[in-house]
Number of protein chains: 2
Amino acid sequence: MKISFTFEPKPVIQQELQEQFPNHEFSFEKGVAPDRDTAIWVTYGEDVKEAAIKSLPELKWVSVASAGVEKMPLNLLHDKEILVTNSRGIHKTPMTESIVGHILSLYRNLPAIYTLTNEQKWEKPRGSKELRGSNALIVGPGAIGEEVGRVLTALGVEVTGCNRSGEAIEGFASTVSLEQLDHQLASADIVISLLPSTPETHHLFTKEQFHKMKDTALFMNFGRGNVVSEQVLVEALKAGEIGGAVLDVFEVEPLPERSELWGLPNVVISPHVSSHSDFYVERAMEIFSRNLSKWEQGDTDLENQVDLKLGY
Amino acid sequence: MKISFTFEPKPVIQQELQEQFPNHEFSFEKGVAPDRDTAIWVTYGEDVKEAAIKSLPELKWVSVASAGVEKMPLNLLHDKEILVTNSRGIHKTPMTESIVGHILSLYRNLPAIYTLTNEQKWEKPRGSKELRGSNALIVGPGAIGEEVGRVLTALGVEVTGCNRSGEAIEGFASTVSLEQLDHQLASADIVISLLPSTPETHHLFTKEQFHKMKDTALFMNFGRGNVVSEQVLVEALKAGEIGGAVLDVFEVEPLPERSELWGLPNVVISPHVSSHSDFYVERAMEIFSRNLSKWEQGDTDLENQVDLKLGY
C-alpha cells in the first residue's frame with residue numbers, strides 16, 4: 001500500500017517506519033502532492049484541500065500530525081468515508097508547562113524582574129501575588145486541560161472544568177456543563193480556554209461573558225483563536241473588564257501588525273508556540289505506528305480518530 | 001510582661017494580639033529601641049545587635065519575623081540563655097511559586113515571548129524545552145525545598161535532595177548527604193540552593209563544583225548569597241561551565257552596580273523578592289501567637305526555635 005508523507009521526519013524516523021512496516025511503500029516529500037495511488041496520507045493538515053482529496057481515488061486514511069483539523073474539508077472526507085486521525089494528546093506536556101509557566105510568571109511578577117535585570121536596576125517590583133488558593137476555570141478540558149488541572153491542583157488552585165456535558169473530571173474540584181459557564185465565570189481568577197474550533201465554539205466568549213468575569217481575571221486562550229472575536233477581547237481589555245490576557249492562538253495568524261492586541265498592557269502574545277517540543281514528531285509517529293499496526297490487521301478502530309461531524 | 005515590636009503590623013493585627021493576650025503590655029514602634037523592661041522582642045532581626053541585647057536585662061525571647069538570623073550575635077544570645085525563634089516555613093508557598101515559575105518560564109522561553117510582545121513582533125522564538133524528564137537537585141531542603149520538590153515531582157521532574165545527613169525526604173526520588181554533593185552535580189539539569197548562611201555553608205559551591213555541573217545546568221540560589229563567591233559564579237557563567245543562573249540572594253545586597261553579574265546573558269537577578277506575599281506578616285504572627293500561648297503556660301519548647309550553635 002502506498003503511504004505518502006507530505007512532510008519530512010528525521011531520517012532515523014523514516015528508516016524506523018520502513019523497517020517496522022516492510023510491506024508498504026513509503027514516500028516522504030515536503031510540499032509535493034501525494035501520488036495518485038496513495039492510500040494513507042500523513043500530513044500536518046494544511047495541504048488537505050478538496051481538490052487534493054478528489055485527485056486521490058485510493059485514499060482511505062488521513063493521519064494528521066497536529067491537533068487542529070478545522071481547516072480541512074471534513075464533509076467531503078465524511079462523504080468519501082475517509083478516516084481521519086490526529087495527534088491530540090501529544091501536546092499535553094509542553095502546553096501544560098507553558099500554561100502553568102505563564103500563570104506563575106505573572107503571579108510572581110517575573111516580567112518585571114526580567115525588565116529590571118535588563119536595565120541593571122536593583123529595585124523590588126510591587127504586585128506579586130500568591131497563586132495558592134485562587135480559582136481556575138478550564139473550558140474545554142481534553143487531555144491537555146486535564147493535565148493543566150492536575151498540576152494547578154498540586155499548586156493549591158481550586159480547579160473547575162467546563163465541558164459539553166458537565167461530566168465529572170477526575171482530580172478536578174468540580175465540573176460544570178457549557179450551559180453553566182456564565183455562572184462560573186464570576187468566580188474564576190483564571191479562565192483558560194482549550195476549546196477546539198467548531199461551529200459550536202465560534203465566538204463562544206462574548207462581550208457579556210467578559211463583563212461577568214472578575215476585573216482582575218486572567219484570560220488565557222490556548223485552544224483556537226476564534227472562540228472569541230478579537231474586537232470583543234480588545235474592548236474587554238481596554239475597558240478593564242478583565243485584568244489581562246495570555247494568548248497563544250488568534251483569529252488570524254500571524255497576528256496582523258495592525259491588531260490592537262499589540263501594545264495593550266497586560267497582554268502577552270505567544271505566537272502559537274506553546275506546544276513546541278523536541279519530541280513532537282517522535283510522539284506523533286508513535287501514534288501513527290500504533291494505528292498502522294492496527295490498520296494492517298484490518299482494525300479501523302484507530303486511536304485519536306476525528307469525529308468528522310463534530311469536527312474534533 | 002513587656003512585649004516590644006520593633007516593626008508595626010497592621011492595626012487589625014495589633015488589636016487581635018492585645019485582645020488575645022490581655023495580660024501583657026504591648027508596644028509597636030518601628031525604628032525605636034525596645035524599652036529596658038522588655039522580656040519579649042518581636043523584630044525582623046536587623047536591629048538585634050550586641051549593644052541592644054546588653055541593654056535589655058529582662059530579655060528572655062527574641063521572636064524574628066523573617067527566616068535568616070545569620071547577622072544576629074548568636075553567641076551572646078546563647079550565653080545569655082535568650083531563646084530565639086524565627087519564621088521559617090512561612091515562605092514556603094510564595095518561594096515555591098517563584099522558583100517553579102522561574103524554571104518553567106526559562107524552559108518554555110517566556111522571556112523571549114515577553115520581548116517579542118513588547119517589540120510587537122510575530123516571530124516564533126527557538127529553544128523552548130520540556131521540563132518533564134529532567135533532573136533537579138535541591139541542596140538544603142527544609143520546608144521550602146520539600147514543597148519545591150513536591151511540585152517539581154508533579155511536573156515529572158526527577159528530584160534529588162541533598163542535606164547534611166542524607167536522610168530520606170518523603171516524595172523525593174532520592175536524597176544524598178552533603179559529602180555526596182559533588183557526585184550528584186554532574187547529573188543535575190537544575191541545581192537549587194536553599195541553604196542557610198552558616199560557617200559550614202560559606203562558599204560551599206566552589207569553582208570545581210561548577211566545573212562538575214552540566215554546561216547546560218541552571219543554577220538557582222534562593223537560600224543565602226554567601227554559599228557561593230560572586231567571583232566564582234561570574235567566572236563559571238563566563239566560561240560556560242553552566243547554562244545560566246537565577247539568583248534571588250547575593251553576597252552583598254543590594255547587588256552593587258559594578259557587579260559583573262549585571263549584564264551577563266542567561267542570568268536573572270531577582271532582587272530578594274521571591275518570598276514576597278500579602279500574607280507574610282499574618283503568617284509570622286500566627287506562629288508568634290501559638291508560641292506566646294505556650295510561653296504563658298511556662299512551656300519553652302517553642303515552634304521554630306533557632307539552634308544558636310548551628311545558626312538556623
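Here is the naming used below: chain letters follow the sequence lines, and residue numbers restart at 1 for every chain. Keep in mind it's a predicted model, so treat the numbers as computed, not measured.
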Got a list of side-chain donor-acceptor pairs under 3.5 Å for residues 129-140 of chain A, not counting sequence neighbours?
{"residue": "Glu130(A)", "atom": "OE1", "partner": "Arg283(B)", "partner atom": "NH2", "Å": "2.8"}
{"residue": "Glu130(A)", "atom": "OE2", "partner": "Ser277(B)", "partner atom": "OG", "Å": "2.4"}
{"residue": "Glu130(A)", "atom": "OE2", "partner": "Arg283(B)", "partner atom": "NH1", "Å": "2.8"}
{"residue": "Glu130(A)", "atom": "OE2", "partner": "Arg283(B)", "partner atom": "NH2", "Å": "3.3"}
{"residue": "Arg132(A)", "atom": "NH2", "partner": "Glu147(B)", "partner atom": "OE2", "Å": "3.3"}
{"residue": "Ser134(A)", "atom": "OG", "partner": "Leu131(A)", "partner atom": "O", "Å": "2.6"}

Quick one: does Arg108(B)'s side chain have a donor or acceptor within less than 3.5 Å of a partner on Thr96(A)'s backbone?
no
side-chain contact (heavy atoms from CB on, under 4.5 Å) between Val273(B) and Ile113(A), intermediate numbers included
CA-CA 9 Å; Val273(B) 290; Ile113(A) 290 172; 3.8 Å; yes
At a heavy-atom distance under 4.5 Å, which candidate from Val151(B), Asp278(B), Thr117(B) has the highest pair count against chain A?
Thr117(B)
Would you mind checking which part of Leu116(B) comes under 4.5 Å of any heavy atom in chain A, side chain (CB onward), backbone (N, CA, C, O), both or neither?
backbone
Within-4.5 Å side-chain heavy-atom neighbours: Pro125(B) and Pro271(A):
yes
Between His102(B) and Tyr114(A), how do the two ring planes meet: parallel, tilted or perpendicular, split at 30° and 60°?
perpendicular
Measure the CG-OG distance between Asn109(B) and Ser98(A) for me, rounded to the nearest 0.5 Å.
9.0 Å
If I measure from the heavy atoms of chain A, does Ser259(B) come under 4.5 Å with its side chain, its backbone, both, or neither?
neither
Show your working on side-chain contact (heavy atoms from CB on, under 4.5 Å) between His272(B) and Lys124(A) and close with a plain yes or no.
CA-CA 8 Å; His272(B) 208 141; Lys124(A) 305 205 177 204; 3.8 Å; yes
Could you tell me which portion of Val100(B) (side chain, backbone, both or neither) has an atom closer than 4.5 angstrom to a non-hydrogen atom of chain A?
both
Residues, nucleotides or ligands: over 12 heavy atoms within 6.0 Å of Glu119(B) CD:
yes
Please report the closest heavy-atom contact between Arg150(A) and Ala154(B), naming both atoms and the distance.
NH2-O, 2.8 Å
How far does CG of Leu104(B) sit from CG of Leu104(A), to the nearest 0.5 angstrom?
6.5 Å
Specify the closest pair of heavy atoms between Glu253(A) and Trp122(B), including all atoms of both residues, with the distance to one decimal.
CG-CH2, 4.0 Å
Using a cut-off of under 4.5 Å for heavy-atom pairs, which of Ser105(A), Pro94(A), Gly101(A) has the most such pairs with chain B?
Pro94(A)
With rounding to the nearest 0.5 angstrom, report the CD to CD1 distance, Glu123(B) to Ile269(A).
14.5 Å
Examine whether an atom of Val268(B) lies under 4.5 Å from a heavy atom of chain A, and if so say whether it belongs to the side chain, the backbone or both; otherwise answer neither.
both
Please look at Tyr280(B) and chain A and tell me whether the side chain, the backbone, both or neither of the residue comes under 4.5 angstrom of a heavy atom of that chain.
neither
